[in-house]
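Down below is the structure, laid out as structure tokens.
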Amino acid sequence: MRLWHQELISKLPRQQLLGQHREIAALRGNGWGKKHATVNYVFDHSPYKLFQFHYLVLKEMEKQGYHPDQRWYDPCYRGKYCPNYQRLDSVELTNPIYPEHNQKYLTVCLLNLQNKGIILDM
């Protein structure tokens, strides 16, 4: 599991973009709080931050002609098999959404993609 650096979302190939949606959906649902070395930092923040990040992915999916389930646009929605949040306070949108998504993290993500044969112009 990995959240790509948010600057990469609009540049990701189809497979990585759709994979990102699946991974975020899992994290928003029953995966919330389940430790995974690559994404542990998300649990240090409000789940609303993950919603904000997911929103970027959902909008990019739509831009590319995909039709994500509109329920994901509700910050309280957690998927078909997980009860919704009764209440989820909004948090200020920051840039980057996750402070961990710094220049070093961008480099790590670009190298990860490069190892998969994906070269992105930045």
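We use all heavy atoms of the structure for the numbers below, so side chains are in, but hydrogens, waters and symmetry mates are not.
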Summary of salt bridge (charged side-chain N to carboxylate O under 4.0 Å, His left out) pairs that have at least one residue in residues 12-25, sequence neighbours excluded: none

Mind checking salt bridge (charged side-chain N to carboxylate O under 4.0 Å, His left out) for Lys80 and listing every partner two or more places apart, or none if nothing turns up? none

Can I get a per-line list of side-chain donor-acceptor pairs under 3.5 Å for residues 29-36, giving both atom names and the distance, sequence neighbours left out?
unit_1	atom_1	unit_2	atom_2	d
Asn30	ND2	Tyr81	O	3.3
Lys34	NZ	Asn30	O	3.3
His36	ND1	Thr38	N	3.4

Under the side-chain contact (heavy atoms from CB on, under 4.5 Å) rule, collect the residues that match up with Asp89, sequence neighbours excluded. Arg87

Side chains of Gln20 and Gln16: any donor to acceptor distance under 3.5 Å? no

So, using side-chain hydrogen bond (donor to acceptor under 3.5 Å, both in side chains) as the criterion, who are the partners of Gln6 when residues are at least two apart? Asn95

Under 3.5 Å, side-chain donor or acceptor atoms of residues 113-122 against the rest of the protein: list the pairs with distances, not counting sequence neighbours.
unit_1	atom_1	unit_2	atom_2	d
Asn115	ND2	Leu111	O	3.4

With sequence neighbours excluded, what pairs up with Val108 under the side-chain contact (heavy atoms from CB on, under 4.5 Å) test? Arg2

Applying side-chain contact (heavy atoms from CB on, under 4.5 Å), can you list everything that pairs with Gln103, at least two apart in sequence or on another chain? Leu106, Thr107

For residues 93-119, the ring pair (Phe, Tyr, Trp, His ring centres under 6.0 Å) pairs (sequence neighbours left out) are His5-His101, Tyr41-Tyr98, Tyr41-His101, His45-Tyr98, Phe53-His101, Tyr98-His101, His101-Tyr105

Assess the residue pair Ser10 and Lys63 against the criterion (side-chain hydrogen bond (donor to acceptor under 3.5 Å, both in side chains)); give the C-alpha distance rounded to whole Å, side-chain angles, the decisive distance to 0.1 Å, and a yes or no. CA-CA 9 Å; Ser10 64; Lys63 199 187 291 185; over 6 Å; no

Would Leu88 and Ser46 count as a side-chain contact (heavy atoms from CB on, under 4.5 Å) if you check the C-alpha gap in whole Å, the side-chain angles of each, and the deciding distance to 0.1 Å? CA-CA 9 Å; Leu88 183 60; Ser46 166; 4.2 Å; yes

What residue pairs, at least two apart or across chains, pass salt bridge (charged side-chain N to carboxylate O under 4.0 Å, His left out) with a residue in residues 50-59? Lys59-Glu62

Show every salt bridge (charged side-chain N to carboxylate O under 4.0 Å, His left out) that has at least one partner inside residues 67-77, sequence neighbours left out. Asp69-Arg71

In chain order, what residues pass the side-chain hydrogen bond (donor to acceptor under 3.5 Å, both in side chains) check against Arg28, with sequence neighbours excluded? His54

